[in-house]
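To start, the structure itself, in C-alpha cells.
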Amino acid sequence: MSDGQDIEIDVEALERKYAEERDKRLRTDAFEQFHELAGDYAGFDRDPNADPDFKRDPIVEECDVVTIGGGFGALLVAGRLREKGLGKIRIIEKGADVGGTWYWNRYPGAACDVESYIYMPMLEEVGTMPTEKYAKAPEIFAHSQKIARHYDLYADALFQTVVEAARWDGKRQRWIVSTSRGDEIATRYLISCTGLLSNPKMPGIPGIDSFKGHSFHTSRWDYTYTGGNQNGELTGLKDKRVGIIGTGSTGIQCIPHLGNWAKQLYVFQRTPSSIDPRGNAPTDPEWVKTLKPGWAKERMRNFTSLTSGGREEVDLVQDGWTDIIADVSSPTGGTEPVDEAAVKYAQMRKMELTRRRIEEAVDDPETAEALKPWFHYFCKRPCFHDEYLQTFNKPNVKLVDTKGRGVERVTPKGVVVDGTEYELDLLIFATGFDFIVEYSRESGVELYGIGGRKLSDHWAEGRRTLHGLQTHGFPNFFVIGPTQAGVAVNYCHSVDDQSSHIAYIIGEAVKRGIGAIQPTHEAEEKWIESILASAGARRAFLASCTPGYLNYEGKWGRQFALNDFYGAGPTAYMGMLADWRDEGSLVGLEEVPAVA
Ligand code: NDP
C-alpha cells in the first residue's frame with residue numbers, strides 16, 4: 001500500500017452494500033431515460049458563443065479531406081495529413097471555432113482531469129508548455145486554436161456548419177458531402193472526428209419544459225445570466241437561488257464556483273462521485289529545462305502503460321491516476337503475482353479511504369454520509385478536486401440527496417424531491433453526454449456507401465470495423481473514436497495514435513496510387529470476432545457496477561458488446577497498430593477500383 005495503512009474490511013458485507021446501492025438505481029428505461037438536445041429539448045442546444053445571425057453562401061467544390069468535427073481528433077489528423085503534403089483539408093464543425101469539448105465546455109472551473117503535459121497533444125510540434133499540471137479549459141482551448149494556426153487549418157474550416165450526409169460516388173472515387181448550409185463538397189477522404197462524450201444529454205424528468213426560471217446544460221453555460229467567466233466571479237448569481245442536477249466530473253468542477261457566488265445553492269444528487277485530492281501545481285521552469293526532444297510522447301506512453309496494467313521503471317506523471325492504479329491493480333507493488341482477493345481488498349480499501357476523507361472534510365455528519373460513494377472504484381470515472389467536499393460546509397449550500405432515485409419532477413417554480421419543492425431562479429443540468437450511441441445519433445450524419453448502402457444499416461446491430469477505424473463498403477472513410485479500439489485513460493493519447501495511423505494509411509494510398517481503400521469483408525469479420533471474444537472481463541465488472549454511462553446504465557445487448565473497446569487495452573492496441581504499419585503490406589485492406 002503506498003500509504004502503508006492497513007484497514008479491516010468485511011468484503012462480503014461491502015459487496016452486499018454495493019449491490020443494494022446498484023439495485024436502487026437500476027431503471028427499466030436505462031439509457032433511454034435521457035434525451036438528446038433535439039425536439040422538445042432543442043432550446044437547450046443554443047450556442048451562447050456563436051453569432052446566431054451568421055450566414056454564408058453554399059460551397060460547391062472538390063477537396064482532399066473533410067473532417068466531421070473540429071476537436072482534437074480533427075486537428076491531429078489534419079495536422080498529420082498536412083505533414084504528409086495533403087493540400088485542401090476542410091474541417092466542418094458545428095461550433096464557431098475549433099476545440100470540440102473545449103469549445104463547448106466553458107463552465108466555471110472546467111479543467112483537464114488528466115495531467116496537461118500528456119493530455120494536451122502536439123505540445124512539442126507547436127511549441128506549447130502548459131502553465132499548470134492540470135490546465136484550465138481556456139488554456140486547452142487556446143492550444144487547440146494554436147494547432148489550427150500552426151497547420152494552417154483555419155483557412156478552409158467551415159464553422160457553424162453541420163455535416164448531414166455523405167454519398168460515395170464510385171466513379172469519381174469521392175464522398176459527396178452535404179451540409180446544413182447547402183454545401184456540396186466532393187472529397188477524396190472523409191474522416192469522422194465526432195469525439196467522445198460530445199453530445200449533451202438531458203434527463204427525462206417530468207415537467208422540465210414547465211420551468212419558468214432560467215435553465216441550461218453545463219456545456220452551453222450562459223454567462224450573460226450568471227455573470228463572470230471560467231474563473232468564477234459569477235456576480236449575476238448573488239441574489240439567485242440556483243439548483244444543479246448532476247454530480248459527475250462536470251458537477252464536481254463547477255459546484256464550488258456556484259457555492260461561492262449563489263445566494264442559495266441546492267445540489268441535487270442521485271449518486272455521489274468518488275473524489276480524490278487533485279494537487280495542482282504551476283509548471284516548474286527548472287523541470288522544463290531538463291526536457292529532451294520526444295519527452296511528451298514518452299510521457300504519454302509511460303502514463304498509458306502504467307494506467308493499463310503495465311510495468312515501467314519510472315512513473316513519470318506520478319499523480320492520483322498512476323498512484324491509484326498501481327495500488328488497486330497490484331497491491332504488492334509488483335513483487336509477487338497478483339491474486340484476485342488482494343486486488344478486491346485494495347479496491348475496497350481505496351473506496352473506504354475516500355469515504356473517511358469525506359468525514360474529515362464535511363462538517364455535517366448527515367451530509368457527509370450522503371456524499372459517500374458505495375461502488376467499486378472505476379465503476380464511474382474517478383473525480384479529483386480539492387474544494388468540492390468543503391463547499392458543503394458553506395451556509396448557502398445544501399445537498400439534496402435523492403438516495404439513488406433522482407429528481408422527482410420539475411415544476412414551474414423549481415424542483416421536487418421527496419415531496420418537497422425547492423424554488424429556484426436558475427436550474428443547471430450537469431447531466432453528461434451520450435456515450436457510444438448509434439453512429440447517426442452520435443454524428444448527426446447518414447453515410448451512403450458502395451451501392452447506396454446506408455451506414456446505419458451496416459451498423460444496425462453494432463459497429464463493424466477493422467481496428468475500429470474503417471468499415472467495409474465505405475471506402476476512404478475513417479473514424480477516430482473509442483469503439484472497437486484500445487481506449488486510454490488519457491483519451492487524447494488514443495486520438496493521437498489513431499490520427500497518426502489514419503494519416504499513415506492515407507499517405508500510403510497516395511504514395512501507391514490507390515484511389516480508394518477499404519477493409520476486406522474477412523478482415524472486418526475477424527476483428528469483430530476478436531472484439532466479442534475479448535470483452536468478457538470488462539463486461540462482467542461493469543455488470544456489477546452502479547449504473548452510469550460506462551455500463552450503458554446497466555443495460556447490455558449485442559449492439560453494446562460490438563460497440564465495446566478492444567479488450568487487451570490501449571498499450572496492446574497501439575503496439576498492434578505499430579506492428580501492422582511496420583509490416584508494410586496494408587494487411588486486411590483492399591483497393592476499390594473506380595466504377596466505369
Ligand atoms: P456524468 O454522466 O458523469 O454525470 C451526470 C450526472 O447527472 C450524474 O451525477 C448523474 O447521476 C446525474 N443525473 C442524471 N440524471 C439525473 C436525474 N434524473 N436526477 C438526478 N441526477 C441525475 O457527466 P459529466 O458531464 O459529469 O461527465 C462526463 C464525462 O466527461 C466524465 O466522466 C469525463 O470523462 C468527462 N469530463 C472530463 C472532464 C475533464 O477532463 N476535466 C471534466 C468533465 C467531464 P447518476 O450517477 O446517478 O447517473
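All ligand and atom numbering here is 1-based and tracks the order in the structure. The structure displayed is predicted, hence computed values, not measured ones.
- Counting only N and O atoms by type, the side chains of Tyr552 and Asn563 include no donor and acceptor under 3.5 Å apart.
- Contact annotation: for Ile205 versus ligand 1, heavy atoms closer than 4.0 Å belong to the side chain alone.
- Between Tyr225 and Phe216, the distance separating the two ring centers is not shorter than 6.0 angstrom.
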Check: Can you list the steps and then say if Glu21 with Lys17 is a salt bridge (charged side-chain N to carboxylate O under 4.0 Å, His left out)?
Finding: CA-CA 6 Å; Glu21 292 291 328; Lys17 170 78 175 160; 3.1 Å; yes
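- Ligand 1 has no nitrogen or oxygen under 3.5 angstrom from a nitrogen or oxygen of Glu553.
- Between Tyr18 and His376, the angle of the ring planes goes over 60°, which puts this pair in the perpendicular group of the 30/60° scheme.
- Classified by interplanar angle (parallel below 30°, tilted 30° to 60°, perpendicular above 60°), the ring pair Phe72/His143 is tilted.
- The residue among Thr546, Val267, Val407, Leu197 with a heavy atom at the shortest distance from atom 19 (N) of ligand 1 is Val407.
- Between Phe141 and Tyr103, the two ring planes are perpendicular [angle over 60°; tilted spans 30° to 60°].
- Protein heavy atom nearest atom 2 (O) of ligand 1, with residue, atom name and distance: Tyr549 CD2, 3.6 Å.
- Here atom 39 (C) of ligand 1 lies nearest to Ala111 when heavy atoms of Ala111, Pro373, Cys254 are compared.
- At a 3.5 angstrom cut-off on N or O pairs, Arg270 counts as close to ligand 1.
- At the shortest separation from atom 8 (C) of ligand 1 among protein heavy atoms lies Thr247 N, 4.0 Å.
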For residues 246-259, please give each side-chain donor-acceptor pair under 3.5 Å, one per line with the distance, not counting sequence neighbours.
unit_1: Thr247; atom_1: OG1; unit_2: Thr271; atom_2: O; d: 3.0
unit_1: Gln253; atom_1: OE1; unit_2: Tyr107; atom_2: OH; d: 2.6
unit_1: Gln253; atom_1: OE1; unit_2: Ala111; atom_2: N; d: 3.4
unit_1: Gln253; atom_1: NE2; unit_2: Ala111; atom_2: O; d: 3.1

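- Under the side-chain contact (heavy atoms from CB on, under 4.5 Å) rule, Val267 has a single partner from Ile245, Thr391, Leu399, which is Leu399.
- Of the protein's non-hydrogen atoms, the one nearest atom 4 (O) of ligand 1 is Gly248 CA, 3.8 Å.
- The protein heavy atom nearest to atom 23 (O) of ligand 1 is Gly432 CA, 3.1 Å.
- Here the protein heavy atom with the shortest distance to atom 33 (C) of ligand 1 is Ser249 OG, 3.8 Å.
- Interface atoms of ligand 1 facing Gly406, defined by a heavy-atom separation under 4.0 Å, are 19 (N), 20 (C).
- Of the listed options Leu196, Asp113, Thr250, Thr250 places a heavy atom closest to atom 27 (O) of ligand 1.
- The protein heavy atom nearest to atom 5 (C) of ligand 1 is Ala430 O, 3.4 Å.
- Contact between Phe34 and ligand 1 is present, with at least one heavy atom of the residue lying under 4.0 Å from the ligand.
- The Ile245 neighbourhood of ligand 1 comprises atoms 19 (N), 20 (C), 21 (N), 22 (C), with distances under 4.0 Å to a heavy atom of that residue.
- In this structure, the protein non-hydrogen atom closest to atom 46 (O) of ligand 1 is Lys380 NZ, 2.7 Å.
- Summarising the geometry, atom CD1 belonging to Ile244 is positioned 15.0 Å from atom OH belonging to Tyr266; distances are rounded to the nearest 0.5 Å.
- Close contacts between ligand 1 and Thr271 involve ligand atoms 45 (P), 46 (O), 47 (O) [criterion: under 4.0 Å to a heavy atom].
- If you number the atoms of ligand 1 from 1 as listed, the ones under 4.0 Å from a heavy atom of Pro203 come out as 15 (N), 18 (N).
- Contacts of Cys112 with ligand 1, taken as heavy-atom pairs under 4.0 Å, involve the backbone alone.
- Side-chain contact check for Ser192 and Tyr439: at least one donor-acceptor pair (N or O, by modelled atom type) lies under 3.5 Å.
- Heavy atoms of other residues, nucleotides or ligands lying less than 6.0 angstrom from NZ of Lys146 number more than 12.
- Contacts between Gln253 and ligand 1, counted as non-hydrogen atom pairs separated by less than 4.0 Å, involve the side chain only.
- Ion pairing between a basic and an acidic side chain is recognised when a charged N comes within 4.0 Å of a carboxylate O; Asp425 and Lys263 show no such pairing.
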Less than 3.5 Å apart, which donor and acceptor atoms pair up between the side chains of residues 428-436 and the rest of the protein, not counting sequence neighbours?
unit_1: Thr431; atom_1: OG1; unit_2: Lys201; atom_2: O; d: 2.8
unit_1: Asp434; atom_1: OD1; unit_2: Arg441; atom_2: NH2; d: 2.9
unit_1: Asp434; atom_1: OD2; unit_2: Arg441; atom_2: NE; d: 2.9
unit_1: Asp434; atom_1: OD2; unit_2: Arg441; atom_2: NH2; d: 3.3

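- Every N/O-N/O distance between Tyr107 and ligand 1 stays at or above 3.5 Å.
- Residue, atom and distance of the protein heavy atom nearest to atom 7 (O) of ligand 1 are Gly246 CA, 3.3 Å.
- For the 3.5 Å distance criterion, the side chains of Tyr134 and Asp319 qualify, holding a donor opposite an acceptor.
- Heavy atoms of Gly548 come nearer than 4.0 angstrom to ligand 1 in no pair at all.
- Looking at Gln33 next to ligand 1, no N or O pair under 3.5 Å apart turns up.
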